[in-house]
Amino acid sequence: MSSLRAILEGPVLEAAPALLGRRLRSRIGGVITEVAISEVEAYDGANDPASHAFRGPTPRNLTMFGKPGGLYVYRSYGIHWCMNIVVGEEGRAAAVLLRGGVPTVGAEEMVRRRGREDHLTDGPGNLCQALGVTGEHDGEQVLGRGVISLRKGTTPAEIERTARIGISKATESQWRFVAAVAT
DNA sequence: ACGAGGATGCTCT
DNA sequence: GAGCATCCTCGTC
C-alpha cells in the first residue's frame, strides 16, 4: 500500500481511483467533519481539454500548477464551491475532482450547513458545503494536519469507471471513478 | 425515477 | 457576451 504522498505524486489516472475510500477531514471553527471519498474524477492539465488548466495558468487555476496535495477550490455556476486535490509533478496541473463521499464524522454539522437531512455529501457542490470548504481554502495543503486533511481509509472492493459528468469536451474519456465505501 | 428549466456570478475571449 | 467540472424544484410517467 502506497503512502498518500506517493499516490498524490503519481499519475492522475492512478491517483484518482486510489483516493476512493480515503478520508477527507475539515476542521473549521473547531468543528470536525469528515467523509469517506466515494466518487472522483481525473483532470489532466494541458493534456485534457476538459481541464480548467488546459489553456495554461490563470488567476483562478493557479493552485493546480502547484505542488501535489494542494486544494484547488473554484466557484461553479456562480453559486457552488467545488474542490480538487492537485496531483502529479508540480507544473503539470493535474487534479482529482472530489464529487461525493459518505459522512463519517460530524453528520449533525453537515445537516446544519446543508439545511436538509438527505443528500448531504453527494455531488461536488454539496460535498464542499457539507465540509464547510469555500474559496478561502483554495491553496491549502491536504498532506499534513492543516485545516483540510487527507487521511487513510479502507480500500473499496470494486471500483466503477465511467465518463465524467457535466462536461462538454473530452466526453469520451472514462475518467470518473465511483465505489461503495466503508464508513 | 427521471427530465426540464431557472438561479446566479465569475472567468476568459 | 458566452459558457460553465451544479443544484434544487416541480412536472410527468
Side-chain angles (χ1 to χ4, degrees), chain A residues 7-8 11-20 22 24 26 33 35 37-66 68-88 91-103 107 109-140 142 148 150 159-181:
Chain A
I7 288 169
L8 296 189
V12 69
L13 287 178
E14 294 179 18
L19 288 177
L20 295 173
R22 308 207 178 259
L24 190 74
S26 71
T33 52
V35 299
I37 299 169
S38 63
E39 179 182 350
V40 299
E41 287 176 358
Y43 287 86
D44 195 15
N47 306 303
D48 181 4
S51 170
H52 290 168
F54 183 59
R55 295 172 187 278
T58 67
R60 176 178 70 157
N61 68 22
L62 200 55
T63 296
M64 296 180 94
F65 289 83
L71 196 70
Y72 166 49
V73 185
Y74 70 94
R75 180 99 78 178
S76 173
Y77 290 89
I79 307 171
H80 307 101
W81 296 107
C82 296
M83 65 176 148
N84 297 245
I85 295 176
V86 177
V87 163
R92 184 183 180 96
V96 176
L97 172 69
L98 305 183
R99 290 192 58 90
V102 178
E109 178 66 16
M110 296 185 194
V111 168
R112 219 164 7 249
R113 288 173 179 156
R114 294 275 296 117
R116 56 189 294 168
E117 308 218 338
D118 58 348
H119 298 287
L120 292 179
T121 54
D122 55 342
N126 294 343
L127 181 62
C128 278
Q129 189 177 29
L131 290 173
V133 172
T134 70
E136 70 182 275
H137 301 112
D138 181 49
E140 290 282 338
V142 304
I148 316 292
L150 184 64
I159 296 175
E160 182 186 5
R161 183 171 179 169
T162 78
R164 292 175 290 184
I165 304 291
I167 56 171
S168 58
K169 297 167 193 156
T171 53
E172 71 284 357
S173 298
Q174 307 249 314
W175 287 1
R176 173 174 173 258
F177 303 88
V178 188
V181 299

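Naming convention: chains lettered A, B, ... in sequence-line order (proteins, then strands); numbering from 1 in each chain.
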Leu97(A) CG to dT6(C) C1', in whole Å, measures 11 Å
Between Gln129(A) and Arg113(A), do the side chains contain a donor N or O and an acceptor N or O under 3.5 Å apart? no
Take the protein atom NE2 of His119(A) and the nucleotide atom P of dT6(C), then report the distance between them rounded to whole Å. 17 Å
Using modelled atom types only, decide if a donor and an acceptor are shared between the side chain of Asn84(A) and the backbone of Val86(A) within a distance under 3.5 Å. no
Within a reach of under 6.0 Å around CZ of Arg161(A), are more than 12 heavy atoms found that belong to other residues, nucleotides or ligands? yes
At a heavy-atom distance below 4.0 Å, which nucleotide of DNA chain B is the first touched by chain A, and which is the last? dA7(B) to dT13(B)
Hey, is the side chain of Arg116(A) poking within less than 4.0 Å of OP1 or OP2 on dC8(C), counting only N and O atoms? yes
Looking for any heavy atom pair under 4.0 Å, which part of the strands does Arg176(A) touch: base, sugar-phosphate only, or nothing? nothing
What is the distance from CZ of Arg164(A) to P of dA5(C), rounded to the nearest Å? 10 Å
Lys169(A) NZ - dA2(C) C1' separation (whole Å): 11 Å
Atom OH of Tyr74(A) and atom P of dC4(C) are separated, to the nearest Å, by 12 Å
Is a donor on one side and an acceptor on the other found under 3.5 Å between the side chain of Ser38(A) and the backbone of Val181(A)? no
Starting from C1' on dC7(C), measure out to NE2 on His80(A) and report it in whole angstrom. 4 Å
Side chain proximity check, Leu24(A) to Leu127(A), heavy atoms < 4.5 angstrom: no
For Asn84(A), which contact category applies under a 4.0 Å heavy-atom criterion: base, sugar-phosphate, or nothing? base
If you look at every strand shown and take non-hydrogen atoms under 4.0 Å, does Arg60(A) touch a base, only sugar-phosphate, or nothing? sugar-phosphate
Can you confirm whether Ile7(A) sits close enough to Glu14(A) that some side-chain heavy atom of one is under 4.5 Å from a side-chain heavy atom of the other? no
Could you give the CZ-to-C1' distance, from Phe177(A) to dA5(C), as a whole number of Å? 15 Å
Paired and unpaired positions of DNA chain B as dot-bracket, Watson-Crick or G-U wobble under 3.5 Å, | denoting a partner strand: |||||||.||||.
Would you check if the side chain of Arg114(A) reaches a backbone N or O of His119(A) as a donor-acceptor pair within less than 3.5 Å? yes
Scan His52(A) against the nucleic acid and name what it touches under 4.0 Å (heavy atoms): base, sugar-phosphate only, or nothing. base
Rounded to whole Å, the CZ-C1' distance (Arg114(A) to dC8(C)) equals 10 Å
Contact class for Ile167(A) (heavy atom, under 4.0 Å): base, sugar-phosphate, or nothing? sugar-phosphate
I'd like to know if the side chain of Glu39(A) and the backbone of Asp122(A) have a donor-acceptor N/O pair within less than 3.5 Å. no
Without placing hydrogens or testing angles, list every side-chain donor-acceptor pair under 3.5 Å for residues 71-78 of chain A, not counting sequence neighbours.
residue  : atom : partner  : partner atom : Å
Tyr72(A) : OH   : His52(A) : ND1          : 2.8
Arg75(A) : NH1  : Ile79(A) : O            : 3.4

